[in-house]
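Letters A, B, ... mirror the listed sequences (proteins, then strands); counts begin at 1.
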Protein chains: 2
Amino acid sequence: MTSKIEVSWKGQMLFESVAPEGNVMIDAAEEIGGQGKGLRPKALMLTSLAGCTAMDIASLLKKMRAEVEDFKIDVEANLTDEQPKYYDKVHVIYKFYGSDFKKDKIVKAVNLSVDRYCGVMEMFRGFAKVTTEILYFEQ
Amino acid sequence: MTSKIEVSWKGQMLFESVAPEGNVMIDAAEEIGGQGKGLRPKALMLTSLAGCTAMDIASLLKKMRAEVEDFKIDVEANLTDEQPKYYDKVHVIYKFYGSDFKKDKIVKAVNLSVDRYCGVMEMFRGFAKVTTEILYFEQ
């Protein structure tokens, strides 16, 4: 399967990315000429990772009948100091909110996403040390 | 330097990513339960790549006094068939629009981004074969 996107220049450091399912504005940090009108390219990598594994979790918890009231996924990443700067350490925190958690199923869902289904996580393992953590918040 | 983003569940396969510089909605394809309300996670990886190298090009062409009327960057990527699906081949097409192109400087700018500055491209080389191409459109 082939994916395709196109990015168009909108002047200075502002760009618009056009994909079949929607557009997104991308802009640089203000200290390097951006105007704060769009997302930073590197942060989009982390959004991609969180979104990919989040969809697995939503789908797997439903299939496993282990629904939670809510969940969030945080991604923290360390950017190297030298050019080209890249993320060498990435930590993914799965935060589940609710009560009477089916923790065995939740752990299984997270592991299935991390090890088998999440293609973006597989890509990240190509350049970063990826660690994960699960937190439960009783409500 | 540490980057951080958080993704929150908005029901079904819809998620909102929150970063300091802006939010983005992420949704699955309709065939796997999405509602077409947001971008696909994997496509965001390609947007990140195009945006990163695009900013280098805008900045370098200005510094080199080799401005063009316009430019676009296309990214085409092949997704593997097996789970976890990832991009194994990625082709980046730099499209420059204008006249009297300073082609030696343009090639130099592209090469500097590809080889030295674009951290996202460095990350992509960790999991994909990345190829590039330059096209000129006389206007």
Portion of A:F15 that has a non-hydrogen atom of chain B nearer than 4.5 angstrom: side chain

Quick check: is B:V110 connected to B:L135 through a chain of hydrophobic side chains (ILVMFWY, heavy atoms under 4.5 Å apart)? no

When every non-hydrogen atom of A:I5 is compared with those of B:A50, the smallest separation belongs to CD1-CB, 3.6 Å

At a heavy-atom distance under 4.5 Å, which candidate from A:A54, A:G11, A:A128, A:G33 has the highest pair count against chain B? A:A54

Does any backbone or side-chain atom of A:C52 lie under 4.5 Å from a heavy atom of chain B? Answer side chain, backbone, both or neither. both

B:M13 and A:I106: same hydrophobic cluster, using ILVMFWY side-chain contacts below 4.5 Å? yes

Tell me, out of B:M25, B:M123, B:M121, B:M45, who's got the most heavy-atom pairs with chain A below 4.5 Å. B:M123

With chain B, which of A:I32, A:I93, A:L14, A:I26 has the greatest number of heavy-atom pairs at distances under 4.5 Å? A:I26

What residue, out of A:A77, A:G38, A:C118, has the most heavy-atom pairs lying under 4.5 Å from chain B? A:A77

Which pair of heavy atoms, one from A:L39 and one from B:G22, lies closest together, and at what distance? CD2-O, 3.3 Å

Scored by heavy-atom pairs under 4.5 Å with chain B, the best of A:V90, A:L44, A:V18 is A:L44

Group every Ile, Leu, Val, Met, Phe, Trp and Tyr by side-chain heavy-atom contacts under 4.5 Å, then state whether B:V114 and B:I73 land in the same group. yes

Got a list of the donor-acceptor pairs under 3.5 angstrom between chain A and chain B?
unit_1: A:M1; atom_1: O; unit_2: B:L79; atom_2: N; d: 2.7
unit_1: A:S3; atom_1: N; unit_2: B:A77; atom_2: O; d: 2.8
unit_1: A:S3; atom_1: O; unit_2: B:A77; atom_2: N; d: 2.9
unit_1: A:S3; atom_1: OG; unit_2: B:Y87; atom_2: OH; d: 3.2
unit_1: A:I5; atom_1: N; unit_2: B:V75; atom_2: O; d: 3.0
unit_1: A:I5; atom_1: O; unit_2: B:V75; atom_2: N; d: 2.9
unit_1: A:E6; atom_1: OE2; unit_2: B:K95; atom_2: NZ; d: 2.8
unit_1: A:V7; atom_1: N; unit_2: B:I73; atom_2: O; d: 2.8
unit_1: A:V7; atom_1: O; unit_2: B:I73; atom_2: N; d: 2.9
unit_1: A:S8; atom_1: OG; unit_2: B:K72; atom_2: NZ; d: 3.2
unit_1: A:W9; atom_1: N; unit_2: B:F71; atom_2: O; d: 3.4
unit_1: A:S17; atom_1: OG; unit_2: B:T47; atom_2: OG1; d: 3.1
unit_1: A:E21; atom_1: OE2; unit_2: B:R40; atom_2: N; d: 3.4
unit_1: A:R40; atom_1: N; unit_2: B:E21; atom_2: OE2; d: 3.4
unit_1: A:P41; atom_1: O; unit_2: B:S48; atom_2: OG; d: 2.7
unit_1: A:T47; atom_1: OG1; unit_2: B:S17; atom_2: OG; d: 3.1
unit_1: A:S48; atom_1: OG; unit_2: B:P41; atom_2: O; d: 2.7
unit_1: A:F71; atom_1: O; unit_2: B:W9; atom_2: N; d: 3.4
unit_1: A:K72; atom_1: NZ; unit_2: B:S8; atom_2: OG; d: 3.2
unit_1: A:I73; atom_1: N; unit_2: B:V7; atom_2: O; d: 2.9
unit_1: A:I73; atom_1: O; unit_2: B:V7; atom_2: N; d: 2.8
unit_1: A:V75; atom_1: N; unit_2: B:I5; atom_2: O; d: 3.0
unit_1: A:V75; atom_1: O; unit_2: B:I5; atom_2: N; d: 3.0
unit_1: A:A77; atom_1: N; unit_2: B:S3; atom_2: O; d: 2.9
unit_1: A:A77; atom_1: O; unit_2: B:S3; atom_2: N; d: 2.8
unit_1: A:L79; atom_1: N; unit_2: B:M1; atom_2: O; d: 2.7
unit_1: A:Y87; atom_1: OH; unit_2: B:S3; atom_2: OG; d: 3.1
unit_1: A:K95; atom_1: NZ; unit_2: B:E6; atom_2: OE2; d: 2.8

Grab the two heavy atoms, one from B:G51 and one from A:V7, that are nearest each other, plus how far apart they are. N-CG2, 4.3 Å

Interface residue of largest heavy-atom contact number with chain A, from B:I57, B:V24, B:L46, B:L49, under 4.5 Å: B:L46

Are A:I134 and A:V68 connected in the hydrophobic side-chain network, where two residues link if heavy atoms are under 4.5 Å apart? yes

Answer yes if A:L61 and A:V107 sit in the same cluster of Ile, Leu, Val, Met, Phe, Trp and Tyr residues linked by side chain heavy atoms under 4.5 Å apart, and no otherwise. yes

